[in-house]
Amino acid sequence: MGVATETFYDVIRRQGISRRSFVKFCSLTAASLGLSPFAATQMAHALETKPRVPVIWMHGLECTCCSESFIRSAHPLVKDVILSMISLDYDDTIMAAAGHQAEAILEETKEKYKGQYILAVEGNPPLNEDGMYCIDGGKPFVEKLKYMAADASAVVAWGACASWGCVQAAKPNPTHAVPIDKVILDKPIIKVPGCPPIAEVMTGVITYITTFGRLPDLDRQGRPKMFYSQRIHDKCYRRGHFDAGQFVEAWDDEGARKGYCLYKMGCKGPTTYNACSTVRWNNGVSFPIQSGHGCIGCSEDGFWDKESFYDRLTTINQFGVEANADRIGGAVAGVVLAGVAVHAGVTAVKRLSTKRDE
Amino acid sequence: MGVQTPNGFNLDNSGKRVVVDPVTRIEGHLRLEVNVDSNNVIRNAVSTGTMWRGIEVILRGRDPRDAWAFTERICGVCTGTHALTSVRAVENALSINIPENANTIRNIMQLTLQVHDHIVHFYHLHALDWVDVVSALSADPKATSALAQSISDWPLSSPGYFKDLQTRLKKFVESGQLGPFKNGYWGHPAYKLPPEANLMAVAHYLEALDFQKDMVKIHTIYGGKNPHPNWLVGGVPCAINLDGTGAVGAINMERLNLVSEVIDRMVTFTNQVYLPDLQAIASFYKDWTYGGGLSGKSMMSYGDIPEHANDYSAASLKLPRGVILNGNLSEVYPIDLTDPTQVQEFVSHSWYKYGDESKGLHPWDGVTEPNYALGPNAKGTRTSIEAVDESAKYSFIKAPRWKGNAVEVGPLARWVIGYAQGKPEFKEPADKLLGDLGLPVTALFSTLGRTAARGLECQWAAGQLRYFQDKLMTSLKNGDLATANTDKWKPESWPSDVKGVGFTEAPRGALGHWVKIKDARIDNYQCVVPTTWNGSPRDPAGNIGAFEAALLDTPMAEPEKPLEILRTIHSFDPCLACSTH
Amino acid sequence: MPNTTRPSRFQEQVLAGVADIGGALNRELPINRPTIYVYEAPVRLWHWVNALAIVVLAVTGYFIGSPLPTLSGEASDHFLMGYIRFTHFSAGYVLAIGFVMRFLWIFWGNIHSRQLFYLPIWSRKWWSGVRQELRWYMFLEKEPRKYIGHNPLAHIFMVLMAMSITVGMICTGFALYSQGEGIDSWQAKAFGWVFRLFPNSQDVHTWHHMGMWVIITFVIIHIYAAIREDIMSRQTMISTMISGERQFRDDRED
Ligand code: HEM
Ligand code: HEM
Ligand code: NFV
Ligand code: SF4
Ligand code: SF4
Ligand code: F3S
Ligand SMILES: [Mg+2]
C-alpha cells in the first residue's frame, strides 16, 4: 500500500470539510451505532488510513443500464466513488484492460483480498445450455460468478436482473435466467432492485457498506430498508388526488394536465417498493409519475409477468382465456345466478306437479 | 490458406490465433479471435456475440402497448431508442397518428441520447485506446494549460486546475489501487500522445463523467427517469400545462427552462471540449489509417429525426436514408423496410435454427430459435471454448443483409451517406475537419473516421436539440398543447390481424423493429439492431460483417496486448446486448 | 301432530353441547320435538353483522378496484376514494374482529356453534348425508333428511366457501393494509408473511379481488338455498337465523 493512498478522510477534506467536522462525523456515527467514544477515535483512524475496498463488478445477462444509472450519481459524484471511496478493480464496462489482462485481475483480487472484496453483480446467469447463453472468457458466466463469490465478503445484487431475474426471466424465460441468490447460496446478498435502481440509492448502498463496514438493515426480501420500505404510492405527490377520487381517465386529458392520479392508467405505485417518490431520479429532477406515466413496478419481483402496464386490474391468462378478476368473478357469479334461477324454476315446477299428483 | 470473400476481403487463418475475451469497454459480451501472420498483421478475424436473452421470444403473446418497455431493456446504454422504435412499429401497424408535439419531444429524447451516448463513448469507452493515463503523470501542468487554451475557450484550463488534477491522479496511481485503470496497456508503443495531451484528456474524461449525468435530465423531464425513460403508443406520456390549475404536475415553464439550459450546456461542451479534443487527439494519430473494413464500400442508414409528425419519408428525415454499395458514392439506393427481399437475416453461422439455412428471412417472417453448438474444428469443449470454428455456427448474432449485402451502419455510415447526397450539414463540417487535419475524404474510411464522424454527429445533434426545443416552444405559443392521441388506445378498436415496422437511427446505427399483431396480442416481434449489422458473423455466401472486415490487415505491435484490436472494435461502439437481444 | 313432548336423553345432551356433534348429526335421530334452540344470540348477531360487513366490503372493494368517475375541482374539497377505502378498512376490522369472536364462541356456545370450524370427513354417515343432499338438489330424492344444525352439504359449503375464504380475505386484506401502515406496524408483523407467498403484492391484490367473487358466489347460493330450504325442507331456516329456534315440520323419522 503506497503512502499516498487517498482515503475517505482525504476525500472529505478535499470536499472542503474540516478536520473538526470529520471527527464529529465519526463520533456521531459511532454513537448511532451504539459504540463508545473510543470507537469513534478508532473509526476516524480507520477512515484516515484504510485502503479502499476492492469491488469486482460483474455482468451477466443484462442491459448495462444499472452501470449507466450508477454513473449518474450526483451525491456522491461517481468519479469520487471510483477514485476515492472504493477500488473498482474489475468492471467490464469501463475497465482499461481486456482479455487476459482483465481475467488476471480476478485471480489477483481473489488471492490478495480473499474475503475482503465486494462482489457487485449486474445481470444474472442463465442455466439452460449448460450456462452457455452467457459466455465469458469462453466459459459459462455462472461459473465465473460462483468462483468470484466464493471469496467475496458480501455480494451486491444490482437491479431487477440480479435480484429477481428481470426481463430475460420473463415468461417463457428461454435461457432459464435466475436471480443470483439461486446460485450464490453461502454469502450475504443485498438486493438493490429497480430497472435500473436509482443512482444515489446505488452509491448510497456502496458507500454505506464501505463507510460502516457492514451491510445496511435488510427487509424480508433482502432489500435495504432505508430505501425500499415504502411504496411509491405512500409518498407520491399525486396521492391527494388519489384520495380525492381524481384520476387521469385518458392520456393527455384534463386530469393528465392537472397532475391527477394515474391509478386508472395502470400505475403500479400502490404495489411497488422503491424510493422514486422520495429520492426521485437524476439528482431529484423527476420520477416516472411526475412525468405523466404510471409506475410500471420496475423494482418488484416478476413485474414483467403481471400483464399490461396499463391495466389497473391484472389480466389473468389462464386456459387460453384472457380476463381480469372482475370479468372472471363476474362471469362465475353470473353463471351461478343463472344456475340458481334455473334450479329455482325446476324446483317450482316439480313442487307444483307433485302437489297436483297428491 | 487464403480465401477471398464475395465482398472482397482476403481471409487467411493459418497464422497464430489470438483471442480477446472478454472484450471490455463495450456493452455486453463479445469475443474476438484473430489470426496474425508472422509480421503480426491480422489476416483473419472472427467476431462472436456470446450472450442471448430471447427478448423476441418473450414478447410473443403480450400486449403491443407494453412492447416498448421490454425492448427498451434490450439496452440501457442506447436507452430509449428501442422504445421509440417499438412505439413507431406498433403505431405503424395500427395506423395511429401522433400529435406534432409528441414527434418533437420524441426527437428531443432521441437527440439527447445521441449526444449523451457519443460523449460517453468517446471519453469513457474509447479514449483509453488513444490516451495513456499513466503518461499524464509526467505532464507539465503549465504546458497542458497552454495546449488546452490554444484549442478551445473552455474555461476549465488553468495551470492550477491541471496541477490539482495531476496531484489527485498521482495519489491515485501511487496508492497502488488503480481501479478501472488496472492492467491497462500503459506504455504500449501504439500510444502516441504527448503527456500534456494525455493529462488534458484525463481531465476531460472526468468532466464528461460529471456532465453526462446532467445531460440525461432531459429524459428525466419528458420521460420520468434515465436510464429507461417512459414512452407511450400514440404520443408521449408527459402532458403539458402552461397556465392551468395543477401545472406543477405537468410540463410547465420551469421544466422547459431546465431542458433549455441543459441543451445550451450540451452545445457548449460539444463545441468547446469534445470536438477540440477529437481534433487534437486525431492529429497525433493521422498515420494510423487502419480499420476501414466495409466503410466506404457498403454502408446503410434508415434515417431518423422526422421534421413532421407521422412523415417517415426520406424527405422528412433529418438524418439521411439510403444505402451505398461497392464503394460507389455516386449512387444512394432507396430502402423499403416492408419489401421482403431487402432486409433479411441469415443464421447459417449463428446459433439459431431455420428450416432452410441457405435462405434469409424478412423480419416479419423472422424466426428466433436458439441452437447452440460448436463446429467440428472448434478447440476446447462445449463449456470451455479455446477457439471457435468460423466455418460452422459461431455467434449469437444473426447475419442481417440488405439485398444480400453485408453493410456497415452507424455515425460514419450516416455521415458518408449524407455527404454523398451532397447535404451541406454533413459535407461542410466533415470537409472542415479533414481540411484542418490535412487529410483526404478517404481518410474517413477508417477507425479514426468512425470516431470522428461520431463527434461531428454529436455536434449536429446538439444543434438539432436547440432547434426542436425552440420548435416545441413555438408550438406551445401557438396554443397547441396536445401530446397524445388516444383514439386507438383500447385494444377493442384494433383490427384483428396487422403488421408494422418502426425504425430509428440509434447511436450505433440503423435499427428496425418488425411486429405482427393478431387479436390484440403480439404474434411475432423481430428486432434487427445496429450491432447485429456490424457484428454480424458470416452468411451462407461467405460475406463477412463490419467488425471482422475492419480488423483485417491491421498490424499489431504486441499481439498479446491487443490495443489495436480494441481501438478498431471500440470505434464501432459495440453493443452486444443490443446485437443478440 | 307431534306425539312426543320430551326430548330424548341424547337430544338433551346435544342441546347442552355435551355430545359429539358429528356423531349427533350422523346418527340422524328421528327428531320428534317441534322446536330446538340451535343458534344462540351471539351466533345470530354475528351472522347478520358479518353479512352486512361483507356487503359493505364487496361494494367498497369493487370501487377500490375500479374507482368511480373523476370528481372535478380542488383535491382538498374531496375525499371520495379516501372515504371508500376508510369504509372498506372499517368493515374489514368488523369482519376480522367478528370472526375472532365467533371463533372464541365455540368454547362457550352450544354444539352447533362449533360446526363452522371443522368437517367430519372421517364419518361415512356424514358422507352419505352429503350424497343424499346432493341427490336432493339434483331432484333425485323425494325429500331431504332432517338436521338440527347445517345439513352436510351446507356444512361443506360453509366451511370451504365461507370460512376459509373469510380467513383468506382477512389475511390478504390485512397484509395489504400493512403496506399503508408500514413495515414496522403490527399488521406487517402479523400478516407480512403473505408477501413471502406473493413477493409482488400486485398478486395479493389479484387474489384478494378474486376472493370477493368467491364470497359473492357463496352468498348467491347461500341465500337461494336458505330460502329454498325454508320452503322445501322439513325444518325452518330463515326464521331460525333470526330467532335461533329450529322448528320441524313433521315428526316422521328420516
Ligand atoms: C353476506 C351474506 C351472508 C353470509 C356471509 C352468511 C354466512 C353464513 C354463515 C357462515 C352461516 C353459518 C352460521 C353458523 O353456523 O354459525 C350462515 C347460516 C345461515 N344463513 Fe347466512 N350469510 C349471509 C347472508 C344470509 C342471508 C341474507 C340469509 C337469509 C335470507 C341468510 C340465512 C342463513 C340461514 C338461514 C342460516 C342457517 C343455515 C342452516 O341452519 O343451515 N344468510 N350464514
Ligand atoms: C369479504 C371480505 C372482503 C372483500 C370482499 C374485499 C374486497 C376487496 C376488493 C375487491 C379490493 C380491491 C382489490 C384490487 O383490485 O386491488 C379490496 C382491496 C383492499 N382490501 Fe378488501 N375485501 C375484504 C376484506 C378485507 C379485509 C378484512 C381487509 C383488512 C383490513 C381488507 C383490506 C383491503 C385493502 C387494504 C385493500 C387495498 C386498498 C387499496 O389498495 O387502496 N379487505 N378489497
Ligand atoms: N447496437 C445497438 Fe444499441 C444502439 N445504439 C441499439 O439499437 O446499443 Ni445498446
Ligand atoms: S435490471 Fe433492468 S436496468 Fe438493470 S441491467 Fe437488468 S434490464 Fe437493465
Ligand atoms: S399516481 Fe400512482 S403512486 Fe401516485 S397516488 Fe396515484 S396510484 Fe398512487
Ligand atoms: S417504474 Fe420503477 S422507476 Fe420507480 S416509479 Fe416505478 S419503481
Ligand atoms: Mg432479432
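Every heavy atom of this structure was used, including side-chain atoms; hydrogens, water molecules and symmetry mates were not. Each chain gets a letter, A, B and so on, in the order the sequences are listed, and its residues count up from 1. Please read these numbers as outputs of a predicted model, since none were measured by experiment.
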Counting only non-hydrogen atoms closer than 4.5 Å, does [X] touch chain A with its backbone (N, CA, C, O), its side chain (CB onward), both, or neither?
X	answer
B/Val133	neither
B/Asp210	side chain
B/Arg60	neither
B/Arg62	side chain
B/Ala482	both
B/Thr486	side chain
B/Phe396	side chain
B/Ile55	side chain
B/Pro22	both
B/Trp231	backbone
B/His116	side chain
B/Trp52	both

Distance-only donor-acceptor check, side chains [X] and [Y], under 3.5 Å:
X	Y	value
A/Arg52	B/Ser175	yes
A/Gln101	B/Tyr185	yes
A/Ser286	A/Ser291	yes
A/His59	A/Asp91	yes

### Query
Do A/His241 and A/Phe247 have their ring centres less than 6.0 Å from each other?
no
Which atoms of [X] are under 4.5 Å from chain B, going by heavy atoms: the side chain, the backbone, both sets, or neither?
X	answer
A/Glu307	both
A/Tyr260	neither
A/Arg238	side chain
A/Pro140	both
A/Asp305	both
A/Ile296	side chain
A/Glu62	both

### Query
What orientation do A/His293 and A/Trp251 show, parallel under 30°, tilted 30 to 60°, or perpendicular over 60°?
parallel
Using a strict threshold of under 4.0 Å (side-chain N to carboxylate O), is an ion pair present between [Y] and [X]?
X	Y	answer
A/Asp80	B/Arg168	yes
A/Asp252	A/Arg257	yes
B/Lys225	A/Glu68	no

### Task
With a 4.5 Å cut-off on heavy-atom pairs, point out which of A/Asp89, A/Asn282, A/Asp136 contacts chain B the most.
A/Asn282
### Query
Using a cut-off of under 4.5 Å for heavy-atom pairs, which of A/Ala170, A/Ala256, A/Gly259 has the most such pairs with chain B?
A/Ala170
### Backbone N/O of B/Arg567 and side chain of B/His570: donor-acceptor pair under 3.5 Å
no
### Task
Could you tell me whether the side chain of B/Arg25 reaches within less than 4.5 Å of the side chain of B/Asp129, counting heavy atoms only?
yes
